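Please read the structure below before turning to the comments.
The structure displayed is predicted, hence computed values, not measured ones. Order of listing sets the numbers, starting from 1, for every ligand and every atom in it.
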Amino acid sequence: MNVSVIGTGYVGLVTGTCLAEIGHQVVCMDDNPAKIEVLLQGRMPIYEPYLDQLVARNIRNGRLRFTTDAAEAAREAAVIFICVNTPPRPDGEADLTYVELATRRIAEHATRDTIITEKSTVPVQTGQWIEKTLAIYKKRPGITFDVASNPEFTREGMAVEDFLHPDRIVVGVSSPRAEAALRELYAPIVEGRFPCPIHPECRVDRAVPFLVTDIASAELIKHASNSFLAMKISFANAVADVCEAAGADILQVVKGVGLDKRIGRAFLNAGIGFGGSCFPKDLRAFVKIAEKSGYDFTLLKEVGRLNVARRELVVEKLKRALWILTGKKIGLLGLAFKPNTDDIREAPALAIARRLIEEGAFVQGYDPQAAAKAKEAVPDLAICSDPYAVAEQAEAVVLCTEWPEFAALDFGRLKATMVRPLILDGRNALDREKLTALGFEYIGIGRGQGGTRERA
Ligand code: UGA
């Protein structure tokens, strides 16, 4: 099928590239000429495993094109995805200026019947506004526009894998034509009919659920899903605090809780909280959406409050151990908001760095991918070129992001250069027994008496 993607940010680039990979003819459009230039040169504006290979292959085989020309993107596509950003306004509500602009351009330039699909995370009822906007700005009376909502559920760092092997595909439609087009578009994924570029031996042995809903429900599924996951994390963090006070071990507790199939173990990792461009923003937006419809979503407000409090918890734990922070060196392992990404948006590590610097500490950090962005965001943070350097002359090292390589560090070497061998494991990702045996003072999150190290 001929597909266009408006907005070549995180969501748009992954969507366009993966749709080309499964056989469609895709044009990705972005207003930013520098970004399009970078992509045309075969370089990536973001770090995402496998994406570079897929982009290069699909440019080569002619299925993937990039342009800054909105008319070119809107003209011939059977399905157009709106993937522009929807940044938060100061009050938490999503700013839909770019969604409206993309819609108007489609209305003006489309030359054939088209399914306009919102993929950006948008508040419920955005679909109705897109429909109205299309009707007002439509240039050719003879063509038909159908609006659909198709929320994305991909995780950064796993985006290609999540797109090609999703738990579910949700499409919100108001016409059989839109449903049929999106079914056809996703059929290779739903039926596992494409050579998997990540695992060549991969055979999808189950059909992917393809859920068809009305547009408003699809829009809500996205916010409800992200908010529920954020709630699970804050719940685990709250239980971790109780564990700590009561001498229980959060790792054992969530293992036991998560074995209940109705609950599940995923997203119960306690630590320094969630960050990124999605959970914090979507949580605030959902509270705002609820408020507009007359519901005070106090539950989600508390989820957000608990999350912000995790950062202060790290400062408190360090103060409890070190007494005075002024003038002391503290090392941070990991600066990205989670492993396998260079994304630092709302990264707990950076919030912690800022707070420690405010307290007068000298903060030095290392991250395999996010160091440059972190330095730009927090200029007073000293960046180390390897993980061992964060320990040099440090009174404490805080693990903020659980990059797998950190668990495999030579901790003896790390300890040798520290003033005081204190590790604050902000993600409960390190081997407490091993570190203690090496002579480290180990502080975890919610780690009471327990012994096992059980992470999902
Ligand atoms: C999240 C959702 O997981 C995706 O399904 C969704 O598509 C995406 O947002 C989006 O809306 O675009 P992402 O933000 O990439 O994906 O990252 P996650 O893997 O969900 O992690 C979010 C944050 O939660 C990270 O800071 C992570 O460290 C933290 N986290 C996660 C925990 O603190 N504990 C956990 O148990 C799990």
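- For the residues E402, E156, K338, the heavy atom positioned nearest atom 17 (O) of ligand 1 is part of K338.
- The contact set between ligand 1 and K222, taken as ligand atoms under 4.0 Å from a residue heavy atom, comprises 6 (C), 7 (O), 10 (C), 11 (O), 12 (O).
- Between R262 and D260 there is a salt bridge, since at least one side-chain N of the basic residue sits less than 4.0 Å from a carboxylate O of the acidic one.
- Annotation: atom 3 (O) of ligand 1 to nearest protein heavy atom, R155 CG, 3.4 Å.
- Among T401, I233, N237, I272, the residue whose heavy atom lies nearest to atom 32 (C) of ligand 1 is I233.
- Of the N and O atoms on the side chains of D296 and T298, not one donor lies less than 3.5 Å from an acceptor on the other residue.
- Side chain of K232 to backbone of L268: no donor-acceptor contact under 3.5 angstrom is found.
- One N or O on the side chain of N428 and one on the backbone of I445 form a donor-acceptor pair closer than 3.5 Å.
- Using a 4.0 Å heavy-atom cutoff, C278 is listed among the residues neighbouring ligand 1.
- Under the 30°/60° scheme for interplanar angles, the aromatic rings of F286 and H223 are found to lie parallel.
- Of the protein's non-hydrogen atoms, F274 CB, 3.1 Å is the one closest to atom 24 (O) of ligand 1.
- Looking only at distances, no side-chain donor or acceptor of R427 sits under 3.5 Å from a matching main-chain atom of L399.
- The protein atom (non-hydrogen) at minimum distance from atom 8 (C) of ligand 1 is T154 O, 3.4 Å.
- Geometrically, R168 engages F153 in a cation-pi contact, judged by NZ or CZ lying under 6.0 Å from the ring centre and within 45° of the ring axis.
- Protein heavy atom at the shortest distance from atom 12 (O) of ligand 1 is E152 OE2, 2.7 Å.
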Quiz prompt | Worked check of side chain to side chain contact (heavy atoms under 4.5 Å, CB included) between E156 and S277 | solution = CA-CA 10 Å; E156 283 188 28; S277 66; 3.7 Å; yes
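- Of the protein's non-hydrogen atoms, the one nearest atom 34 (N) of ligand 1 is N269 O, 3.0 Å.
- Residue contacts with ligand 1, taken as heavy atom pairs separated by less than 4.0 Å, do not involve D162 at all.
- Proximity of a side-chain donor or acceptor of N150 to a complementary backbone N or O of V170 within less than 3.5 Å is detected.
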Practice problem: Take R57 and E21, measure what salt bridge (charged side-chain N to carboxylate O under 4.0 Å, His left out) needs, and give me the verdict at the end. | Solution: CA-CA 8 Å; R57 180 167 52 238; E21 180 68 20; 2.9 Å; yes
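- Taking the six-membered ring for Trp and thresholds of 30 and 60 degrees, F411 and F440 have ring planes more than 60 degrees apart, a perpendicular arrangement.
- For atom 5 (O) of ligand 1, the closest heavy atom belonging to the protein is F153 O, 2.9 Å.
- Judged purely by atom type and a 3.5 angstrom limit, N237 uses its side chain to pair as donor or acceptor with the backbone of G271.
- Atom 1 (C) of ligand 1 has F279 CE2, 3.5 Å as its closest protein atom, hydrogens excluded (heavy atom only).
- Of all the atoms in ligand 1, the ones that sit under 4.0 Å from a non-hydrogen atom of G273 are 33 (O).
- Using a 4.0 angstrom heavy-atom cutoff, G271 does not count as in contact with ligand 1.
- Given atom 28 (O) of ligand 1, the protein heavy atom at minimum distance is R427 NH1, 3.3 Å.
- Ligand 1 has L268 within reach: a non-hydrogen atom of the residue lies less than 4.0 Å from it.
- Proximity to N226 (heavy-atom distance under 4.0 Å) selects the following atoms of ligand 1: 2 (C), 6 (C), 9 (O), 10 (C), 11 (O).
- Nearest-heavy-atom check against atom 25 (C) of ligand 1 across F267, F163, F337 picks out F337.
- Ligand 1 lies out of reach of K232, whose nearest heavy atom is not under 4.0 Å from it.
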